[in-house]
Structure formats: structure tokens, C-alpha cells
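Comments concern the structure below.
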Amino acid sequence: MKKKTVLILCPWYDPYRVPLLRELAREFDITVLYTMPKEVGREWHSPDDLPFRAYYLKPVFLWKTKQMFGERLLIRYPSGLLQMLRKIQPDVVVSLEFRFDCILGALWARLNRRGYVIWSDMTVYHDMRMGLLRRCNRRFLLSLAHALVGSCTDTLNHFNNNFGYPESKEFLSSLNAHMQEHLACLLYTSDAADE
């Protein structure tokens, strides 16, 4: 039986996510699109022998937002994202958090009747100072998501209590510790997209 194709939108390469992605690659045909420049202080070198396909998109600067948490946020368009989505034709799109590339991935999934999953580490403490634009962005993406994978119960509680995301569509997965839950989420989403 052909493996389901899963495309994961990550901002940058993080070595601590590789064990989880390696395990997922045993069950699914995994492609990871890294969409942002390397994060300052986390300039990890990506090895050539990753256990999944990985592509590094070139982000194009669009605009700066107002100052948040002591710094200005830069909005970037990941050049080549839509072309990669059309080329790979994933059964499920997974986006890590709520960036501009996540919006594009969610819209592509909706227009092409594919599964869409949000993978998040956000908690109420991270989001306590978010403005109206960020709150609307989260509500919009959550409304499109077939499932939510939270890295901790605080994440799941935050989106359930503050955004009304249904518990029945939430899955806990903190890197490798909850591998079965992460696999269950992807299977649930790919099946939900088929309906």
C-alpha cells in the first residue's frame, strides 16, 4: 500500500525534531520545507543524510510589523512554496505554528481538499500580549485545521480554552515521547480529508 504523503512546513532546521521526523518517515512519505532564514543563536548545520526529504526555500522580505516582545517581526514570503506544494501534492499539510507560510499552506490544503494540521508549542504565556492581528490569524488557521498537535498539555488547553478548538481534534506529541499520538493525528487527518 502506498504511503500517505505529508508535507511539513518548518521555519528552520532544528536537530531535536529529527528523531520524531525519522519515526514519522517510517509510516509516511515525509517532506519538510524549511521556510525561514536560520534563527539567530540557533544556526545549526543541517546534515546531508536526513531520514526524509528536505528543501530550503529562499524567503523574500515583505514588511516589518510593529514592535512586539522587544523586537520587530519581519514578514517574509517563502519563495517557491506554492510550486513545491503543486509538485509534491501532499495528502496532509502540517504547519509548525502560525506564520505567513502556514496561511499559504492551509489555503492550499483547503482549496485542494487535503488534510491540514497545526503543530504548535504556543501556550497562554507566549500569547498573552498578542494583538488583534495575531489573534485573528490564529482563529483563521484553527478554523481550517483538521487537527492540532500540541507539544504539551498547556498548548492544547490554551487553544481549547482561549480559541474554542475542540478537544476531539487535539493530539499531544512532545517530540518522541508521544510518537503514537503524533501518528494517530496524521492518520486521523488524512482520513478526515478523504471524507
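FYI, the numbering just counts along the sequence from 1. Values below: all heavy atoms of this structure, side chains included; hydrogens, waters and symmetry mates excluded.
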Provide the closest heavy-atom pair for [X] versus [Y] in the form atom of the first, atom of the second, distance.
| X | Y | answer |
| --- | --- | --- |
| Pro51 | Ala25 | O-CB, 3.5 Å |
| Trp108 | Asn112 | O-ND2, 2.8 Å |
| Lys4 | Asp91 | CA-OD2, 3.4 Å |
| Pro19 | Pro15 | CD-O, 3.6 Å |
| Pro59 | Leu57 | CD-O, 3.2 Å |
| Phe171 | Ala147 | CE1-CB, 4.0 Å |

Can you find a pair of side-chain heavy atoms, one from [X] and one from [Y], that are under 4.5 Å apart?
| X | Y | result |
| --- | --- | --- |
| Asn137 | Met130 | no |
| Cys152 | Thr155 | yes |
| Glu97 | Pro11 | no |
| His126 | His158 | no |
| Val32 | Leu21 | yes |

Atom [atom1] of [X] and atom [atom2] of [Y]: how far apart are they, to the nearest 0.5 Å?
| X | Y | atom1 | atom2 | result |
| --- | --- | --- | --- | --- |
| Ser173 | Leu24 | OG | CG | 7.5 Å |
| Tyr56 | Leu33 | OH | CG | 11.0 Å |
| Asn162 | Asp127 | CG | CG | 8.5 Å |
| Phe100 | Leu9 | CZ | CG | 12.5 Å |

**OP:** Using the test side-chain contact (heavy atoms from CB on, under 4.5 Å), find all partners of Leu156 that sit at least two apart in sequence or belong to another chain.
**Re:**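 Expected list: Leu148, Glu170, Leu172.
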
Original post:
Are the side chain of His146 and the backbone N or O of Val117 linked by a donor-acceptor pair below 3.5 Å?
Top reply: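 Flag not set: sc His146 to bb Val117 has no pair under 3.5 Å.
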
Original post:
Taking atom NZ of Lys3 as the centre, does the number of heavy atoms from other residues, nucleotides or ligands within less than 6.0 Å exceed 12?
Top reply: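 Yes.
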
**OP:** Please test Phe98 against Phe163 for ring pair (Phe, Tyr, Trp, His ring centres under 6.0 Å), starting from the C-alpha separation and ending with a verdict.
**Re:** CA-CA 14 Å; Phe98 300 90; Phe163 292 92; 7.8 Å; no

Just to verify, what does [X] make a salt bridge (Lys or Arg N to Asp or Glu O under 4.0 Å) with, not counting sequence neighbours?
| X | value |
| --- | --- |
| Arg135 | none |
| Asp154 | none |
| Arg26 | Glu23 |

**OP:** Dump the intermediate steps for side chain to side chain contact (heavy atoms under 4.5 Å, CB included) on Ile118 and Tyr165, then the final yes or no.
**Re:** CA-CA 11 Å; Ile118 295 173; Tyr165 197 78; over 6 Å; no

**OP:** Please check if Tyr13 and Tyr16 belong to a single hydrophobic cluster, counting links between Ile, Leu, Val, Met, Phe, Trp and Tyr side chain heavy atoms closer than 4.5 Å.
**Re:**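 Yes, Tyr13 connects to Tyr16 through the hydrophobic network.
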
For residues 77-90, dump all side-chain donor-acceptor pairs below 3.5 Å to protein atoms at least two apart in sequence or in another chain.
unit_1 : atom_1 : unit_2 : atom_2 : d
Gln89  : OE1    : Arg114 : NH2    : 3.0
Gln89  : NE2    : Arg86  : O      : 2.9

**OP:** Begin with the C-alpha distance, continue with both residues' side-chain angles, and end with the deciding distance and a verdict on side chain to side chain contact (heavy atoms under 4.5 Å, CB included) for Trp119 and Cys102.
**Re:** CA-CA 10 Å; Trp119 180 9; Cys102 302; over 6 Å; no

**OP:** Could you check Arg17 against Leu96 for side chain to side chain contact (heavy atoms under 4.5 Å, CB included), going step by step and ending with a plain yes or no?
**Re:** CA-CA 11 Å; Arg17 296 192 195 280; Leu96 184 61; 3.7 Å; yes

**OP:** Apply side-chain hydrogen bond (donor to acceptor under 3.5 Å, both in side chains) to Asn157 and list each qualifying residue two or more places apart in sequence or on a separate chain.
**Re:**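 If we apply the side-chain hydrogen bond (donor to acceptor under 3.5 Å, both in side chains) test to Asn157, skipping adjacent residues, there are no hits.
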
